[in-house]
Amino acid sequence: MMIRLPTPFRSQPKARATRPAESGYIMLTVLVAALILSMLGTIAAQVIINNARFTKFEERQQQALNVAEAGINYYLWHLAHNPSDYQDGGSTPTSPPYGPYSHNYYDNDGNLLGTYELTVTPPASGSTVTTVRSVGKVPHMQGSRTILAQLGQPSFSNYIFLSNTELNFSPTSTTNGPVHSNSGIQFDGTSNGPVTSAKTTYVAGSDGSTHNGVWGAGGPTSQWQYPVPAIDFNSVTVNLSDLQTQSSAANGGVNLGASGALGWYLLLKSNGTIDIYKVTSETSAGISKTFVRNQSAPTNGIVFSTEELWLSGTNYPGRLTIAAAKLPDNASQRKSINIIDNLTYAVQDGSAAVGLVAQQDVFVPQYAPATLTVNAALLAQFGSVGYDTANGGLKTTFSLYGAIAQNQNSYGFKVAGCGSYCRGYPTTSYNFDSHLIYAPPPKFPTTGNYSVLNWREQLYNP
């Protein structure tokens with residue numbers, strides 16, 4: 001008989017209970033995750049706050065720079081209305097640099113944007129460049145932004161040729177520098193620089209026909225511009241009056257006074273002094289003269305004569321403006337300057353400069369040498385610059401390093417005819433002294449308004 005054994009009892013597995021260690025691990029993980037998320041949130045919030053602060057800082061920095069630039073623009077405007085006022089309308093301090101002068105700067109709605117402080121350094125002798133330092137500050141910002149700018153006013157020596165009447169350049173002419181006429185220009189030569197006219201069209205004296213402001217067989221025509229603004233020659237009268245004032249001994253100048261003869265001859269010497277003679281007579285062969293004195297260079301660089309002048313000199317090392325005028329102006333009493341021999345600088349690097357300002361003509365008489373070299377800025381307020389083509393014979397070579405400005409065009413340096421040239425200097429060379437634009441001879445007449453030559457941010461206070 002078989003005996004069945006009972007089937008073993010198999011219990012069902014019980015659910016596993018969570019151990020205390022595992023529960024703590026989960027809680028720790030959650031806490032760490034929460035902490036990390038909190039830290040990330042804090043960092044993100046701080047980044048946002050820092051970005052906002054930096055953006056605001058940048059805005060204020062830019063606003064301070066804009067305010068500083070507004071200071072430069074203000075003084076540019078100020079000089080346009082008061083060209084010789086470097087003290088912001090006041091009288092202090094009494095020695096340069098002048099300032100600081102503080103101004104509030106508002107927007108169009110009258111809200112205060114900031115303030116700028118200006119320090120002004122006037123032009124050095126023989127320069128038209130004013131230096132302005134503008135410090136811009138805005139509310140709620142530590143520090144400032146500073147701009148240093150140079151403001152320049154072009155002189156009448158801004159051109160190799162400047163004329164109030166029409167100009168004519170022959171096929172053999174070469175101009176190395178800017179050429180301008182308040183009338184028109186017939187240009188048959190070669191230009192190395194802009195050729196500009198204040199006229200859209202004009203009636204040319206050469207053929208009686210109407211032409212463009214600049215026309216002719218020369219070029220390059222890409223350099224021709226018309227119309228452009230005219231240059232005011234009447235403003236020179238004011239400059240002549242100022243030159244006469246500056247020529248007093250009290251101001252450091254030389255006023256030649258009455259010669260008791262025809263006028264004065266000045267010999268500019270290589271040691272920087274001037275030999276002064278009185279001119280007793282003049283013929284087609286030259287002048288007769290009597291020595292008066294040797295004159296040291298005027299400290300302010302101004303020599304003024306109310307009588308006719310004759311002059312020459314070689315290797316002059318200084319900066320000098322020589323003027324001849326009888327004021328107040330009377331057409332029958334206007335004075336001229338005669339260049340009777342070579343007039344040259346010691347160097348052509350801008351350290352030497354001679355300006356001749358004549359009420360009437362800057363004239364090369366018939367007895368001048370066959371080969372003539374002139375280093376100077378030549379300005380004839382009511383007359384012309386050129387050779388005595390009416391009476392003089394045929395010469396050889398004329399060379400200019402400098403600039404020419406003339407009211408009229410009554411003379412030239414050569415006269416065509418007789419197969420080639422009948423009178424004057426058949427070979428001419430006109431070279432522009434670019435140093436004269438913003439570093440002309442002392443108190444040389446200026447034209448036009450001030451403009452910003454350059455500006456830069458000053459990153460530290462010296």
Side-chain angles (χ1 to χ4, degrees), residues 154-169 173 175 177-187 195-199 202-206 213-214 226-244 304-309 321-339 354-365 374 376-390 400 402-415 424 430 432 436 440-441 443-448:
S155 75
F156 260 86
S157 52
N158 199 22
Y159 306 87
I160 184 63
F161 274 100
L162 169 62
S163 180
N164 202 29
T165 54
E166 67 177 289
L167 289 171
N168 299 276
F169 292 90
S173 297
T175 58
V179 176
H180 174 81
S181 171
N182 284 343
S183 182
I185 302 175
Q186 179 179 349
F187 202 95
V195 180
T196 61
S197 166
K199 299 288 188 181
Y202 79 110
V203 177
S206 58
V214 184
Y226 55 90
V228 300
I231 305 300
D232 182 15
F233 273 77
N234 292 325
S235 64
V236 180
T237 302
V238 177
N239 293 99
L240 282 172
S241 178
D242 182 54
L243 287 172
Q244 186 172 28
F304 192 90
S305 173
T306 57
E307 300 180 332
E308 202 86 354
L309 287 178
T321 294
I322 301 171
K326 180 71 172 177
L327 300 175
D329 179 63
N330 184 312
S332 64
Q333 297 180 337
R334 292 170 180 164
K335 304 303 177 184
S336 296
I337 299 176
N338 305 276
I339 303 173
V354 174
L356 308 183
V357 184
Q359 192 177 21
Q360 185 59 37
D361 300 320
V362 177
F363 196 62
V364 177
V374 175
L378 314 176
L379 170 56
Q381 181 193 2
F382 290 104
S384 306
V385 177
Y387 173 65
D388 184 6
T389 51
L400 173 73
I404 290 175
Q406 60 182 14
N407 196 312
Q408 302 297 317
N409 191 23
S410 302
Y411 312 113
F413 285 97
K414 53 189 174 183
V415 175
Y430 307 107
F432 181 53
L436 297 173
K443 298 293 183 178
F444 203 78
T446 55
T447 178

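Note that the numbering runs from 1 along the sequence shown for the chain. Below, all heavy atoms of this structure are taken into account, side chains as well, without hydrogens, waters or symmetry copies.
From Thr196, atom OG1 reaches atom CD1 of Ile231 across 8.0 Å, with rounding to the nearest 0.5 Å. Taking CG of Asn407 as the start and OG of Ser163 as the end, the distance is 7.5 Å to the nearest 0.5 Å. Rounded to the nearest 0.5 angstrom, Ser305 OG and Gln244 CD are separated by 10.0 Å. The line from CZ of Phe169 to CD1 of Ile185 is 6.5 Å long, rounded to the nearest 0.5 Å. In this structure, Ile337 CD1 and Glu308 CD are separated by 9.0 Å, a value rounded to the nearest 0.5 Å. Taking OG1 from Thr165 and CG from Asn182, the interatomic distance works out to 9.0 Å, rounded to the nearest 0.5 Å.
A distance-only check finds a donor-acceptor pair linking the side chain of Asp361 to the backbone of Ser384 [under 3.5 Å]. Asn338 places a side-chain N or O within 3.5 Å of a backbone atom of Leu309 that can act as its donor or acceptor partner. No donor-acceptor distance shorter than 3.5 angstrom exists from the side chain of Gln360 to the backbone of Arg334, with no hydrogens or angles considered. Although no hydrogens or angles enter the test, the distance criterion places no donor-acceptor pair under 3.5 Å between the side chain of Ser197 and the main chain of Pro227. Judged purely by atom type and a 3.5 angstrom limit, Glu166 has no side-chain atom pairing as donor or acceptor with the backbone of Ala204. Looking at Ser157, its side chain does come within 3.5 Å of a backbone N or O of Leu436 through a donor-acceptor pair.
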Q: Kindly indicate, with the supporting measurements, whether the criterion side chain to side chain contact (heavy atoms under 4.5 Å, CB included) is fulfilled by Asp329 and Phe382.
A: CA-CA 10 Å; Asp329 179 63; Phe382 290 104; 3.5 Å; yes
(Q) Applying side chain to side chain contact (heavy atoms under 4.5 Å, CB included) to Asn239 and Gln381, what does each step give before you reach the verdict? (A) CA-CA 10 Å; Asn239 293 99; Gln381 181 193 2; over 6 Å; no
Q: Apply side chain to side chain contact (heavy atoms under 4.5 Å, CB included) to Lys443 and Thr321, showing your working.
A: CA-CA 7 Å; Lys443 298 293 183 178; Thr321 294; 5.6 Å; no
Q | Pair Leu378-Ile339, side chain to side chain contact (heavy atoms under 4.5 Å, CB included): steps then yes or no | A | CA-CA 10 Å; Leu378 314 176; Ile339 303 173; 4.1 Å; yes
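Ring geometry for Phe161 versus Tyr430: interplanar angle over 60°, hence perpendicular rather than tilted (30 to 60°).
Legend: residues meeting side-chain contact (heavy atoms from CB on, under 4.5 Å) with Gln186, ordered by chain and number and at least two apart, are Asn168, Asp188, Tyr202, Ser206, Trp215. Residues satisfying the ring pair (Phe, Tyr, Trp, His ring centres under 6.0 Å) test with Phe444, not counting sequence neighbours, are none.
Contact annotation: the side chain of Ser181 never approaches that of Val195 to less than 4.5 Å [non-hydrogen atoms, C-beta and beyond]. Contact of the Pro178 side chain with the Asn158 side chain is not registered, since no non-hydrogen atoms from C-beta on lie closer than 4.5 Å.
In terms of heavy-atom proximity, Leu243 sits nearest to Phe304 at C-CD1, 4.0 Å. Ser336 and Ala358 make their closest contact through CA-CB, 4.2 Å (heavy atoms, listed as atom of the first residue, atom of the second, distance). Closest non-hydrogen pair, Phe233 versus Leu379, comes out as CE2-CD1, 4.3 Å.
Crowding of Lys199 atom NZ: a count of heavy atoms from other residues, nucleotides or ligands under 6.0 Å not exceeding 12.
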